[in-house]
Amino acid sequence: MAKLGLGRFEILVGAVSGTGKTYHMLLEGQSLKEQGVDVVIGSLNLSNRISNVELTKGIEQIPGKQWTRAESEIFDLDMEALMIRNPEVVLVDELAHRNRPEARYRTRLEEVEQLLKQGISVITTVNAYELEGIQHMAKKLTGIKTSEILPSHVLEMADEVRIVDVTPEKLLSRIENENLDINQEQSVLKKGNIAVLRELALRLVAEGVSESLEKHREEKGYTGPSGAGERILVTAQYHFNGSIYIRRGQQIARRLNGDLRVVTYVNPKLPLSKEEATFKRAMIQLVDKVGGKFQEMPLRPRYGFSDEIVEYALKNGVTRIVLGHSKQSRWQEFRKGSIIREVLRKIRNVDVFLVADRADHDGERILPTKTIGVASEGGYKHLRDTEIVQEKLSHIRRGKFKVYIGAAPGVGKTYTMLREGNDLLKSGIDVQIGLLETHGRIETQAQVGELHLIPTNKIDYRGTKLQEMNTEAILKIAPEVVLVDELAHTNVPGSKLKKRYEDVMELLNAGISVISTMNVQHLESLNDAVEQITGIRVRETVPDSILRLADEVQIVDVAPRTLQKRMQDGKIYAREKVGQALQHFFKEGNLIALRELALRELADDVDERLEAWERKNALRGPWRREEVIHVCIDIKQGADRLIRRGFRIAHRLKAAWYVTYVQLKGAEISKEGVHQLRELETMTERLGGTFRIVSAGNRHEVAEVLIRLANEEKATQMILGQPIHRKRVRLGRGGNIVQYMVRHARHVDVLIVAAYSPIAPSNGKTF
């Protein structure tokens, strides 16, 4: 919402020139004009795109002031003409533009500020690398240089910031096929460099969304983690181990794309010793170097220390607390108390990560990692090897796979997919629609254009005729490209395949390229995060491996309030469902959090692809240690949640991972338990892990068996579930299983995953 008396300010952000920012700005201008809004064009860079020229038709243009710079024609805004014309909205391209030397205003940003003060709304465009703060990193990673830099606060001025995303493959194809006049250094227009700039742009917008989510939650009185992003809290004292914990926390934060907070507690009544003062200076420098935030807080009595940590974590939206393993004996813990045990007893929805004490175990010290190039596997193998030949032929035969992903229904995924389909059709490619779900949206239906819809199968299910994609008909027709909506859809019982993504795999394997759509809520490993955000368990999911198979993944980004407006206008659901949707899934806080989740997930996907291309400058940094993850489950305590968490961690660490269930000898498992174990095994294998069932003589041996197995396989991290019941469950002299493992596995990192439970905000409302 625009500030009182000021025009509304909207910024479209792209990774580089040519991503389509101008196109989307004009598209929005045309949409506003159709609604009766007075729109004019103040500045435009058409880049020889015919589609952009078409979109200018019917919109009044205010000619700019022409001048010459380095033998190029430049146009400044005609501010006098714009002020006299006084439209409701003005479209202004290239916000980072610098005006002619004699102009009244030095920069276009200053001119935009004047327009906003007069109550004129502005829609504008900017490349992420033109922003102060991003520019330095962009130059370092890609060599790009720009003399036109915008202050970093410019995005904070905007009422809406939206990313216009495009994959490197699509952009390079667009430049080649459409002969675009891109004002960009040739060194930047390389697949890897475009990907780096794309990731920077995605993370930039995600950070802004995260800040707006924090503000929203603060206003509503919500506490605890939002579920959208990671925030790592390291608690360390002024001791040599402090640097080890900080570095481990930094590695976790970078791999999980999270923020790092470091807190140390001191007794304000006691001065620091010389040694402590030295460690303090070193820790502050280290935290600053790794991009974290450092805070020193007063120390309460020992039994208040856990309360301090828990209170800080909940107030600051922490998702993971990093602590050092305790060196106390069981008797000392009984006498003095255990900080770890107390934190686990009091905390909710926050994971606890215990850093392995490897310095005592095998002399290892966690030091800063250095980026090293990795030789590609199989580069010198003979193609006579049958498996390699088959793998290469399979990859050549397989169709191309592209997925449009969004934060929620109604963002425009299907609309965008259909537009791309028509563009491909016009270029002479045989594109047909395999399955389309318009949900009655007129704007979406209008985008079908000349595309042919392959007739669907009509299946009788419980007296109702349902439509499913006719995969066999598509295979018979064999178009070059087929459009398939709603990738996560579950087929009608009785269909040949259970899920639509399985049908898509058949099409791809037959050499047919597929463009599809899905929402971030349907990604299997994010199932728990989405439930935490919305309170809704999504039943239809797509394995992460399917998304990783995609040649291109592109986000369709829409601001939450714009999406809510679409909902209110009846453009997403039927009118009778609007009120309920806005009160539940489509609440503003939910949409902001889902948008952040989608942006961060895609940024991580871009980074994964950068690593696959063997670049040395992936933004999240390398992870040199060989990791082995052990997930220990109990079918009574959210095993599926632990498995999904294990997968996400293992995927980011490029680690082997195992899921282990311990069955007691002589104990019978119910039919329901057997069925549940089969489902957990299927989930593990679908996500790429190894599932196994091992035995123990009695409950006292369960923890011993798990630790012995981890030691045999040189596990570097064990993942356990936080006990649901907070009361101590005894296992003879050892305490409960988690307590025993924490005490006897100090040479291994231990992650204790929080049992999810809703947290009520201070005002009594629920999120």
Side-chain angles (χ1 to χ4, degrees), residues 10 12 14 19-35 49 51-52 54-55 123 160 162-167 170 174 402-427 429 431-454 469 481-489 500 513-522 550 552-574 578 581 586 591 594-595 598-599 602:
E10 180 180 340
L12 302 181
T19 55
K21 302 181 298 298
T22 304
Y23 174 85
H24 282 271
M25 179 179 72
L26 289 169
L27 200 64
E28 188 164 350
Q30 286 287 0
S31 176
L32 291 170
K33 186 173 175 58
E34 288 172 10
Q35 298 170 39
R49 288 205 69 187
S51 55
N52 284 357
E54 287 293 318
L55 283 173
I123 304 175
E160 180 177 332
R162 182 157 53 96
I163 191 165
V164 178
D165 186 38
V166 69
T167 63
K170 180 67 177 177
R174 187 183 291 171
K402 180 171 184 175
V403 179
Y404 282 106
I405 193 167
V411 297
K413 303 178 299 297
T414 305
Y415 181 99
T416 307
M417 177 183 72
L418 290 170
R419 289 192 71 91
E420 179 167 4
N422 273 292
D423 288 343
L424 292 172
L425 192 66
K426 289 174 185 175
S427 65
I429 295 173
V431 184
Q432 300 191 38
I433 299 173
L435 196 287
L436 180 63
E437 298 281 3
T438 65
H439 300 287
R441 297 166 193 162
I442 298 172
E443 295 88 347
T444 303
Q445 185 63 49
Q447 296 306 313
V448 172
E450 301 298 320
L451 294 168
H452 174 253
L453 180 61
I454 298 171
M469 184 168 70
V481 180
V482 65
L483 310 183
V484 179
D485 219 354
E486 299 191 356
L487 188 63
H489 172 79
R500 186 166 290 164
S513 294
V514 177
I515 302 176
S516 190
T517 66
M518 66 173 288
N519 290 320
V520 71
Q521 71 207 54
H522 295 296
E552 296 182 61
V553 182
Q554 189 169 320
I555 195 169
V556 180
D557 187 34
V558 170
R561 290 188 179 177
T562 300
L563 194 56
Q564 286 183 320
K565 180 68 165 56
R566 288 183 187 177
M567 173 67 73
Q568 291 165 349
D569 292 342
K571 294 181 179 180
I572 301 178
Y573 294 156
V578 170
F586 276 77
L591 295 178
L594 288 170
R595 185 185 180 206
L599 287 163
L602 185 55

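Sequence positions, counted from 1, serve as the residue numbers for this chain.
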Has E437 got a side-chain atom pairing as donor or acceptor with D485's backbone, closer than 3.5 angstrom? no
Drop me the distance from E10's CD to E160's CD, to the nearest 0.5 angstrom. 4.0 Å
Salt-bridge contact K170-E552 (side-chain N to carboxylate O under 4.0 Å): no
Take V431 and L483 through the test side-chain contact (heavy atoms from CB on, under 4.5 Å) and record every step on the way to the result. CA-CA 8 Å; V431 184; L483 310 183; 4.1 Å; yes
Evaluate side-chain contact (heavy atoms from CB on, under 4.5 Å) for L563 paired with R595, printing each intermediate quantity in order. CA-CA 11 Å; L563 194 56; R595 185 185 180 206; over 6 Å; no
Counting only heavy atoms from other residues, nucleotides and ligands, does the tally under 6.0 Å from CD of Q35 exceed 12? yes
Which heavy atom in G20 sits nearest to a heavy atom in R174, and how many Å separate them? N-NH1, 3.8 Å
Taking C-beta and beyond as the side chain, do K413 and N519 meet within less than 4.5 Å on heavy atoms? yes
Over all heavy atoms of both residues, which pair between V578 and Y573 is shortest? Give the atoms and the distance, please. CG2-O, 4.1 Å
Tell me the closest heavy-atom pair linking R566 and G412, and the distance in Å. NH1-N, 4.1 Å
Evaluate N52 against L26 for side-chain contact (heavy atoms from CB on, under 4.5 Å), listing each step before the verdict. CA-CA 7 Å; N52 284 357; L26 289 169; 4.1 Å; yes
pair L453-V448: side-chain heavy atoms closer than 4.5 Å: no
Out of curiosity, Q445 CD to T438 OG1, how far, rounded to the nearest 0.5 Å? 5.0 Å
Hey, could you give me the CD1/NZ distance between I163 and K21, rounded to the nearest 0.5 Å? 10.5 Å
Within the structure provided, determine whether H489 and L435 are in side-chain contact (heavy-atom separation under 4.5 Å). no
Minimum side-chain heavy-atom gap Y415-R441 below 4.5 Å: no
Atom pair NE2 (H24) and CG (D557), whose distance is rounded to the nearest 0.5 Å: 10.5 Å
Closer than 3.5 angstrom, by distance alone: can the side chain of T517 be matched with the main-chain N or O of E486 as a donor-acceptor pair? yes
How about L451 and N422: do any of their side-chain heavy atoms sit closer than 4.5 Å? yes
What verdict does the side-chain contact (heavy atoms from CB on, under 4.5 Å) test give for I123 and L32, after you've listed the backbone C-alpha separation in whole Å, the side-chain angles of each residue and the deciding distance to 0.1 Å? CA-CA 11 Å; I123 304 175; L32 291 170; 3.9 Å; yes
At their closest point, which heavy atom of A407 faces which heavy atom of V411, and how far apart are they? N-CG1, 4.3 Å
Residue from I515, V484, I433 passing side-chain contact (heavy atoms from CB on, under 4.5 Å) with M417: I515
How about P409 and Q521: do any of their side-chain heavy atoms sit closer than 4.5 Å? yes
pair F586-I572: side-chain heavy atoms closer than 4.5 Å: yes
Any side-chain heavy-atom pair of L436 and L418 under 4.5 Å: yes
Could you tell me whether R162 and E28 make a salt bridge, using a distance below 4.0 angstrom between a side-chain N and a carboxylate O? yes
SB check K565 D569 (cutoff 4.0 Å): yes
Please report the closest heavy-atom contact between T19 and V164, naming both atoms and the distance. O-CG1, 3.7 Å
Between the CD atom in Q554 and the CG atom in D165, the distance rounded to the nearest 0.5 Å is 5.0 Å
In terms of heavy-atom contacts, G434 and V482 come closest through N-CG2, 3.4 Å
